[in-house]
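Input: a single structure, listed below in structure tokens.
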Amino acid sequence: DILGSMLQAVISSSQREELGIHYTSVKNILKVIKPLFLDELYDDLNKCNDDTKKLKNLLRKIYNMKFFDPACGSGNFLIICFKEICRIEIEIYKKLKEIDKNSWLILKSGIKLTQFYGIEIDDYAHETAKLSLWMAEHQMNLAFDEIIGDAKPTLPLSPSANIVNKNSLKLDWKKF
């Protein structure tokens with residue numbers, strides 16, 4: 001949020017208008033992603049009950065998801081998607097920990113920034129989005145550690161999200 005606000009502040013209103021740079025609030029992002037995929041993931045989680053196999057299948061489903069924003073700006077949409085699926089992953093691990101205190105120990109977070117794709121025409125916003133996702137990953141690693149008691153290390157930095165500095169109207173999304 002802070003980096004996105006800074007981006008808004010350093011760019012003139014006419015330039016923001018020309019480039020289509022508009023901040024999208026967390027509340028509005030959730031209005032989109034809840035029916036798009038979050039509600040389904042939470043329904044799946046509730047249906048798993050205490051079935052280890054179903055919980056691990058849900059983890060695999062999350063680890064195979066990809067998230068795309070063709071005009072990602074400073075990355076807020078991708079950041080909120082990342083944090084929300086991390087929260088679901090944590091809930092799954094909490095259930096696995098309750099079911100079997102030993103078998104869950106071999107599992108680590110499998111959510112990777114490389115699951116996230118964005119296109120941004122403005123170079124500053126493009127770099128801000130990449131940095132913001134690394135920061136979000138660190139925040140979720142801390143949450144994972146606090147709740148589960150273990151987390152993957154933040155350093156060295158993991159491969160960044162697939163965010164390119166291009167014009168999304170001129171880029172073939174399928175190739176990207």
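If you read the sequence from its start, that first residue is 1, and numbering goes on from there. Values below: all heavy atoms of this structure, side chains included; hydrogens, waters and symmetry mates excluded.
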- line: Correct closest heavy-atom pair for Val164 and Phe176 would be CG1-CE1, 3.4 Å
field: Side-chain touch Leu133/Leu78, heavy atoms, less than 4.5 angstrom
entry: yes
task: Answer yes or no: does atom CG of Asp50 have more than 12 heavy-atom neighbours from other residues, nucleotides or ligands under 6.0 Å?
output: no
field: Nearest-0.5 Å distance, CD of residue Glu89 to CD1 of residue Ile62
entry: 7.0 Å
query: Rounded to the nearest 0.5 Å, how far apart are OG of Ser109 and CD1 of Ile90?
result: 8.0 Å
field: Contact check, side chains of Glu91 and Ile88, non-hydrogen atoms, under 4.5 Å
entry: no
query: With a 4.5 Å limit on heavy-atom distance, are the side chains of Lys54 and Lys47 in contact?
result: no
message: Can you give me the closest heavy-atom contact between Phe77 and Phe68, atom names plus distance?
response: CE2-O, 4.0 Å
- request: Please report the shortest heavy-atom distance between Leu58 and Cys48, naming the atom on each side.
  value: CD2-SG, 4.3 Å
- request: Would you mind checking if Lys95 and Glu98 are paired as a salt bridge, meaning a charged N to carboxylate O distance below 4.0 Å?
  value: no
message: One pair to check against side-chain contact (heavy atoms from CB on, under 4.5 Å): Thr24 and Val32. What are the steps and the verdict?
response: CA-CA 11 Å; Thr24 308; Val32 172; over 6 Å; no
- request: Report the C-alpha separation of Trp134 and Ser160 in whole Å, then their side-chain angles, then the decisive distance to 0.1 Å, and conclude whether the side-chain contact (heavy atoms from CB on, under 4.5 Å) test is met.
  value: CA-CA 7 Å; Trp134 271 321; Ser160 73; 3.4 Å; yes
field: Heavy-atom check, side chain of Ile163 versus side chain of Ile119, under 4.5 Å
entry: no
- request: Give, for atom CG of Asn162 and atom NZ of Lys130, the distance between the pair rounded to the nearest 0.5 Å.
  value: 9.5 Å
message: Using side-chain heavy atoms (C-beta onward) and a distance below 4.5 Å, is Trp173 in contact with Tyr117?
response: no
query: Is the backbone N or O of Thr128 less than 3.5 Å from a side-chain atom of Ser74, with the two atoms forming a donor-acceptor pair by type?
result: no
- request: In sequence, state the C-alpha distance, the side-chain angles, and the governing distance for Arg87 and Met140, and then conclude on side-chain contact (heavy atoms from CB on, under 4.5 Å).
  value: CA-CA 8 Å; Arg87 287 184 180 104; Met140 295 315 297; 4.0 Å; yes
query: Hey, does Leu142 have a side-chain heavy atom less than 4.5 Å from the side chain of His138?
result: yes
- prompt: Does the side chain of Leu38 come within less than 4.5 Å of Leu30's, by heavy atoms?
  reply: yes
message: Using a 3.5 Å distance criterion without hydrogens, assess whether the side chain of Asn46 forms a donor-acceptor pair with backbone atoms of Tyr42.
response: yes
- prompt: Is there a side-chain contact between Ile121 and Leu169 (heavy atoms, below 4.5 Å)?
  reply: no
field: Which residues share a ring-ring contact (aromatic ring centres under 6.0 Å, His included) with Phe67, sequence neighbours left out
entry: Phe37, Phe116
query: Do Leu131 and Met135 pass the side-chain contact (heavy atoms from CB on, under 4.5 Å) test, and can you show the C-alpha distance, the side-chain angles, and the key distance before you say yes or no?
result: CA-CA 6 Å; Leu131 176 61; Met135 292 172 66; 4.1 Å; yes
message: For Lys66, I'd like to know if atom NZ has over 12 heavy atoms of other residues, nucleotides or ligands within 6.0 Å.
response: yes
Pairwise distance CD1(Ile92) to CG(Leu41) - rounded to 0.5 angstrom: 8.0 Å
message: According to side chain to side chain contact (heavy atoms under 4.5 Å, CB included), who are the partners of Lys53, at least two apart in sequence or on a separate chain?
response: Asp51, Asn57
message: With a sphere of 6.0 Å drawn around NZ of Lys34, does it hold more than 12 non-hydrogen atoms of other residues, nucleotides or ligands?
response: no
- prompt: Between Asn165 (side chain) and Glu120 (backbone), is there a donor-acceptor pair under 3.5 Å?
  reply: yes
- request: With rounding to the nearest 0.5 Å, note down the distance linking CZ in Arg60 to CG in Leu55.
  value: 11.0 Å
statement: CD1 of Ile111 to CD1 of Ile85, rounded to nearest 0.5 Å, is 4.0 Å
query: Any luck finding a side-chain donor-acceptor pair between Tyr63 and Gln115 under 3.5 Å?
result: no
- prompt: Do you know the tightest heavy-atom contact between Ala129 and Gly73?
  reply: CB-O, 3.6 Å
